[in-house]
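Presented below is the structure to which this report refers.
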Amino acid sequence: MEIIRTVDQLKNRIAEAKGANRSIGLVPTMGALHDGHISLVDRARRENDVVVVSVFVNPTQFNNAADLATYPRTEEADCAKLEAAGVDIAFIPSVEEVYPEPDTRVFDLGEVANVMEGPMRPGHFNGVAQIVSKLFSMTQPTRAYFGEKDFQQIAVIRRMVEIEDFDIDIVDCPIKRADDGLALSSRNVRLTAAQRAVAPAIHRIMAESVALAADHTVDEVKQWVIDNINNVDQMQVEYYEIVHPLTMQPVDNWSNEPVGCITVYCGDVRLIDNIKYKNHSC
Ligand code: PAF
């Protein structure tokens, strides 16, 4: 595996691959890699000739300085995992390399960004659009891989791709969970042992709510999930919205296979997850 730290070097390597007509799979990450990331890498490996993984904690998507400062950084372990997964190129640039000047672009992300994480984390999605568009320009991937844990982020990235007219296949990949159901996340390492023990309740309660959808309204199910999770020690729901899978707008009925998207504070660790409500028509 080649570790590349400069944009010029990356562009040269990409030009070489493109010249040889090789397809390129990009997996953008912020490091602190876990099996969820590796499942994206495995899929990219199966579907492309060259696999590039970027490892970059992007400052422009953090609207909270403490969150940026405490975001886990584990470069050595990340490189070992990427090497073992058969990655061709790990792109690990510095902040100065990616942003030689401040990125002042403001993306018109529209309705997919005006709910849930949009208002909760002002500027976050614009920062995601900035970095992902830069990575797309630098890497010119055939396909780019994103985990469905960040369900709304994928919708935002699809919108950015439309605005920028990138010819890139956005591949969304299923959430990877621990055996007890907790969605894998780089932030899980910040949970105390007691918090880690209760955190699987998030997925368990959301999964139980899918059966309730057969004979309850959207509002009833929503409230049931919020109340049950808030009853768990150390848990505080920030929001739970049941939304249309493409527009991200809250729905009032079960048609169109809506998705329940949640953010929960477990102590001071902010966890997100989602669940699909399938096959209910009432
Ligand atoms: O999902 C993430 O890890 C980040 O938001 C991404 C897509 C790598 C952009 O920094």
Side-chain angles (χ1 to χ4, degrees), residues 4 7 10 24-41 43-44 51-64 67-75 77-78 81-82 85 87 89-95 97-99 103 105 107 109 112-113 116-118 120-139 141 143-161 163-164 166 168-176 183-190 248 261 263 269-274:
I4 292 184
V7 175
L10 178 69
I24 296 171
L26 172 68
V27 183
T29 81
M30 297 207 298
L33 301 178
H34 49 67
D35 285 354
H37 296 110
I38 300 306
S39 71
L40 308 186
V41 170
R43 176 137 181 214
V51 175
V52 181
V53 177
S54 59
V55 177
F56 179 66
V57 181
N58 172 41
T60 73
Q61 72 187 75
F62 284 81
N63 60 323
N64 175 328
D67 194 21
L68 173 60
T70 57
Y71 200 85
R73 289 161 171 88
T74 56
E75 186 182 311
D78 290 347
K81 288 177 188 168
L82 296 178
V87 166
I89 297 171
F91 178 50
I92 313 183
S94 64
V95 173
E97 187 65 25
V98 174
Y99 296 110
D103 191 338
R105 291 174 299 160
F107 291 83
L109 298 170
V112 295
M116 303 190 287
E117 296 294 277
M120 283 298 164
R121 304 180 69 189
H124 167 66
F125 282 139
N126 197 62
V128 169
Q130 288 174 339
I131 184 60
V132 176
S133 65
K134 273 179 178 275
L135 291 169
F136 282 2
S137 300
M138 294 168 191
T139 314
R143 300 177 191 85
Y145 295 79
F146 297 91
E148 280 187 341
K149 184 173 73 64
D150 298 294
F151 192 75
Q152 190 180 8
Q153 172 173 274
I154 299 181
V156 165
I157 288 167
R158 288 190 192 282
R159 169 77 186 136
M160 179 278 291
V161 163
I163 296 169
E164 298 288 292
F166 282 119
I168 297 169
D169 195 3
I170 303 300
V171 184
D172 35 349
C173 304
I175 299 176
K176 192 95 179 156
L184 297 188
S185 162
S186 304
R187 287 192 165 86
N188 292 354
V189 295
R190 295 188 49 225
M248 301 295 119
C261 297
T263 303
V269 184
R270 190 172 186 269
L271 300 175
I272 76 172
D273 203 343
N274 60 75

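Counting starts at 1 for both ligands and their atoms, in listed order. Only heavy atoms go into these numbers, but all of them, side chains included; no hydrogens, no water, no symmetry mates.
Looking only at atom types and distance, the side chain of Thr60 has a donor-acceptor partner in the side chain of Gln130 under 3.5 Å away. For the residue pair Thr263/Glu117, the side-chain donor-acceptor check at 3.5 Å is satisfied.
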Start with the C-alpha distance between Asn58 and Tyr71, add both sets of side-chain angles, then the distance that settles side-chain hydrogen bond (donor to acceptor under 3.5 Å, both in side chains), and finish with yes or no.
CA-CA 10 Å; Asn58 172 41; Tyr71 200 85; over 6 Å; no
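Counting heavy atoms from C-beta on, the side chains of Leu26 and Phe146 never come closer than 4.5 Å. Counting heavy atoms from C-beta on, the side chains of Ile4 and Ile92 never come closer than 4.5 Å.
Residue-ligand proximity, Pro28 to ligand 1, at heavy-atom distances under 4.0 Å covers atoms 8 (C). Every atom of ligand 1 with a heavy atom of Ile131 under 4.0 Å away is listed here by number and element: 9 (C), 10 (O).
The residue Ile157 has no part lying near ligand 1, judged by heavy-atom distances below 4.0 Å.
Considering all non-hydrogen atoms of both residues, Ala183 and Ile272 come closest at CB-O, 4.4 Å.
The option from Lys134, Met30, Gln153 that lies nearest to atom 1 (O) of ligand 1, judged by heavy atoms, is Gln153.
Of the protein's non-hydrogen atoms, the one nearest atom 4 (C) of ligand 1 is Gln61 NE2, 3.6 Å.
When only interatomic distances are considered, the shortest N/O to N/O separation between Thr29 and ligand 1 does not fall below 3.5 Å. Below 3.5 Å of separation, one finds no N or O of Asn58 facing any N or O of ligand 1.
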